Amino acid sequence: MKHFYFNIEGWFHYPHIYREAIERLDGTFVEIGAWKGCSTAFLAVEAVRSGKAIDIHVVDTFEGSDEDEHRKDPELKDLRAAFDRNMAPVADRLTVHQMPSVEAAKLFEDGSVSLCMIDGAHDYASVKADIAAWLPKMKPGGWLCGDDIAWGDDMPVFRAVDEMLPGWVRRGCAWTYQI
């Protein structure tokens, strides 16, 4: 299957993390924050190419965020429809949970998730809440990850990750924490 993620509007800074995770892990992968699906498309195609049994779950409210660039997007009024259109080639590989991340975490058993990529809300309280909700869901050896480690004037993602996950590793704009 050929990649098509580059045709989808959005921000995606961590293909290296997804490639390495697919090489090393299998099982349940969760992506928090999908926007229009650029990173989701990459992950799904890499999973197909691997031949591994990777169960991909996508969690998003599909309401966008308070960031100015989101508020001006004409597709914001029906972001879920834009995501679904973009994911058509890999739709059968995805389970989509249209809800807040902390609520979606309750759907997963503790110790059941191999990879969780946190890239939803970027404020300090939301990142801390996402980490707290998903950390118990992680399998031993699994990866809790995120993006935008230096996003914003006071770096709220950095502060939240640094407080909650001693030993996390910066990987470009993203971060990883192995359980």
Side-chain angles (χ1 to χ4, degrees), residues 3 5-22 24-25 29-46 56-73 75-76 79-80 82-83 86-87 94 96-105 113-138 142-179:
H3 273 295
Y5 72 96
F6 45 81
N7 294 320
I8 300 171
E9 180 185 348
W11 311 267
F12 178 44
H13 309 288
Y14 41 88
H16 57 294
I17 292 174
Y18 277 173
R19 279 193 178 115
E20 189 176 341
I22 287 173
R24 296 180 181 207
L25 306 170
F29 284 28
V30 177
E31 183 178 65
I32 300 166
W35 187 237
K36 296 180 183 179
C38 182
S39 59
T40 308
F42 182 88
L43 176 61
V45 169
E46 288 292 311
I56 301 171
H57 292 260
V58 179
V59 177
D60 201 308
T61 61
F62 295 100
E63 295 172 0
S65 72
D66 292 332
E67 299 162 37
D68 284 341
E69 68 265 23
H70 288 195
R71 295 286 137 222
K72 296 174 185 172
D73 192 296
E75 290 184 305
L76 184 61
L79 193 54
R80 174 64 190 267
F83 175 84
N86 291 335
M87 294 303 99
L94 309 175
V96 180
H97 306 276
Q98 187 170 346
M99 62 180 59
S101 167
V102 171
E103 292 301 311
V113 176
S114 299
L115 173 86
C116 181
M117 173 58 75
I118 298 173
D119 192 15
H122 296 95
D123 63 279
Y124 175 78
S126 294
V127 175
K128 282 190 80 165
D130 283 345
I131 292 170
W134 288 95
L135 189 57
K137 308 305 174 182
M138 303 306 300
W143 293 6
L144 185 61
C145 311
D147 194 24
D148 303 307
I149 195 69
W151 183 89
D153 294 337
D154 66 348
M155 300 193 318
V157 175
F158 177 92
R159 287 190 305 119
V161 171
D162 204 46
E163 286 176 19
M164 304 259 324
L165 302 170
W168 65 275
V169 176
R170 182 188 294 267
R171 311 237 350 233
C173 296
W175 55 272
T176 58
Y177 180 79
Q178 185 168 4
I179 309 307

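Just the heavy atoms: all of them, side chains too, but no hydrogens, waters or symmetry mates, feed the values below. The structure displayed is predicted, hence computed values, not measured ones.
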Donor-acceptor pair, distance only, cut-off 3.5 Å: does the side chain of Asp147 make one with the backbone of Asp119?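 It does not hold such a pair.
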
For Asp60, check side chain to side chain contact (heavy atoms under 4.5 Å, CB included) against everything at least two apart and list the hits.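 For Asp60 the side chain to side chain contact (heavy atoms under 4.5 Å, CB included) partners, ignoring immediate neighbours, are Ala34, Phe62.
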
Residue pair [X] / [Y]: nearest heavy atoms and the distance that separates them:
X      : Y      : answer
Leu144 : Trp175 : O-CZ3, 3.4 Å
Ile149 : Gly172 : CG2-O, 4.1 Å
Cys38  : Ile8   : N-CG2, 3.6 Å
Tyr14  : Ala174 : CB-CB, 4.1 Å
Ala41  : Met87  : CB-CE, 3.8 Å
Ser114 : Leu25  : O-CD1, 3.4 Å

Carefully, step by step, assess Ser39 and Tyr5 under the rule side chain to side chain contact (heavy atoms under 4.5 Å, CB included). CA-CA 7 Å; Ser39 59; Tyr5 72 96; over 6 Å; no

What's the verdict on side chain to side chain contact (heavy atoms under 4.5 Å, CB included) for His57 and Val113, showing C-alpha distance, side-chain angles and the deciding distance? CA-CA 10 Å; His57 292 260; Val113 176; over 6 Å; no

Between Glu20, His13, His16, which is the residue that forms a side chain to side chain donor-acceptor pair (under 3.5 Å) with Arg171?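 The passing option is Glu20.
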
In chain order, what residues pass the salt bridge (charged side-chain N to carboxylate O under 4.0 Å, His left out) check against Arg19, with sequence neighbours excluded? Glu46

Identify which one of Phe29, Trp11, Phe12 satisfies the ring pair (Phe, Tyr, Trp, His ring centres under 6.0 Å) criterion when paired with Phe42. Phe12

Quick one, Tyr177 and Ile131 - any side-chain contact, counting heavy atoms below 4.5 Å? no

How about Asn86 and Asn7: do any of their side-chain heavy atoms sit closer than 4.5 Å?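 Side-chain contact under 4.5 Å: no.
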
List in chain and number order the residues that pass side-chain hydrogen bond (donor to acceptor under 3.5 Å, both in side chains) with Trp143, two or more places apart in sequence or in another chain; answer none if no residue qualifies.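 side-chain hydrogen bond (donor to acceptor under 3.5 Å, both in side chains) list for Trp143, sorted by chain: empty.
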
Under the side chain to side chain contact (heavy atoms under 4.5 Å, CB included) rule, what do Val102 and Asp130 come out as? Steps first, then yes or no, please. CA-CA 6 Å; Val102 171; Asp130 283 345; 4.0 Å; yes

Evaluate the side chain to side chain contact (heavy atoms under 4.5 Å, CB included) criterion for residues Leu79 and Glu63: first the C-alpha distance (whole Å), next the side-chain angles of each, then the deciding distance (0.1 Å), finally the verdict. CA-CA 7 Å; Leu79 193 54; Glu63 295 172 0; over 6 Å; no

